[in-house]
Amino acid sequence: DTAVSQTPKYLVTQMGNDKSIKCEQNLGHDTMYWYKQDSKKFLKIMFSYNNKELIINETVPNRFSPKSPDKAHLNLHINSLELGDSAVYFCASRKLAGAEDTQYFGPGTRLTVL
Amino acid sequence: AQSVTQPDIHITVSEGASLELRCNYSYGATPYLFWYVQSPGQGLQLLLKYFSGDTLVQGIKGFEAEFKRSQSSFNLRKPSVHWSDAAEYFCAVTNSGGYQKVTFGTGTKLQVIP
């Protein structure tokens, strides 16, 4: 009964390839995010979706394209992978409800670009 | 724009000693403040949060944090550290309502020595 799940957990690929990371939440939240955590552990927001609509796009290269087929899923597709894309990518869902405002994070996907 | 500063990149404490991790935020209105913990190879887990009311908030695993508006701080404390507390700790800020993004600090790595 994992709240936020991501697949795959590890992804190793060559430069120039295209890859996707999937995220699913079973919490019934309307808002989901993608974060990138670099080697120095800095956590940077990439995208935010609310009810399948893009809300935040933090000047991420357009090689990154999020897709939200429904409220429970937010997938991340990356085209033409570059070495600098190597990082851990976290999906999160958020309950926007005043004092109950909380983000729940997935376990992360470690992407290594060779 | 909102920002979070965690001035200590790395802290080492002895098991059983007290702990204080510092967090300073910059935000125009009343912030929502969070502390998350990330164990190696894991996602982020919420320790505690502050929205309003009592400025001393209690969290899981024996942690507490105090919101001090005059100092723009939200420091995390624990009276007696356990070896299992060794992890990366992130402070975060957002605001109420809407779909505002959550901004994370750069994290503080806690090492616990026997």
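The analysis underlying the following values was restricted to heavy atoms, covering all of them including side chains, and did not include hydrogens, waters or symmetry mates. Throughout, a chain's letter reflects where its sequence line sits, starting with A, and its residues are numbered from 1.
With a 4.5 angstrom heavy-atom cutoff, B:Leu46 touches chain A only via side-chain atoms. Looking at A:Tyr104, there are no atoms closer than 4.5 Å to chain B (heavy atoms on both sides), in backbone or side chain. For B:Glu88, the part lying near chain A is the side chain, with the backbone staying farther off; criterion is any non-hydrogen pair under 4.5 Å. For A:Leu43, the parts lying near chain B are the backbone and the side chain together; criterion is any non-hydrogen pair under 4.5 Å. With a threshold of 4.5 angstrom between heavy atoms, A:Lys44 does not approach chain B through any atom at all.
Among A:Gly106, A:Ala92, A:Pro107, the residue with the largest count of heavy-atom pairs under 4.5 Å with chain B is A:Pro107.
Under a hydrophobic clustering in which Ile, Leu, Val, Met, Phe, Trp and Tyr are joined whenever their side-chain heavy atoms come within less than 4.5 Å, directly or via other members, A:Ile45 and A:Ile21 fall into different clusters. Hydrophobic clustering (ILVMFWY, side-chain heavy atoms < 4.5 Å, transitive): A:Tyr89 and A:Leu74 are in one cluster. Tracing side-chain contacts under 4.5 Å through hydrophobic residues (I, L, V, M, F, W, Y), one reaches A:Tyr33 starting from B:Phe34; they form part of the same cluster. Cluster membership for A:Leu81 and A:Phe90, using ILVMFWY side-chain heavy atoms within less than 4.5 angstrom, is not shared. Under the 4.5 Å side-chain heavy-atom criterion for Ile, Leu, Val, Met, Phe, Trp and Tyr, B:Val102 and A:Tyr49 are members of distinct hydrophobic clusters.
No more than 12 heavy atoms of other residues, nucleotides or ligands sit less than 6.0 Å from atom CD1 of B:Ile9.
B:Tyr36 contributes atom OH, which lies 6.5 Å from atom OG1 of A:Thr102 (distance to the nearest 0.5 angstrom). Between atom CD of residue A:Gln37 and atom CD of residue B:Gln38 there is a gap of 4.0 Å, rounded to the nearest 0.5 Å.
Annotation: salt bridge (charged side-chain N to carboxylate O under 4.0 Å, His left out) contacts involving residues 45-67 of chain A, sequence neighbours excluded, comprise A:Glu58-B:Lys101, A:Arg63-A:Glu82, A:Arg63-A:Asp85.
Using a 3.5 Å distance cut-off with no hydrogens or angles, the side chains of B:Thr106 and A:Lys40 do not pair a donor with an acceptor.
Here the shortest heavy-atom pairing between B:Phe104 and A:Phe42 reads O-CE1, 4.3 Å.
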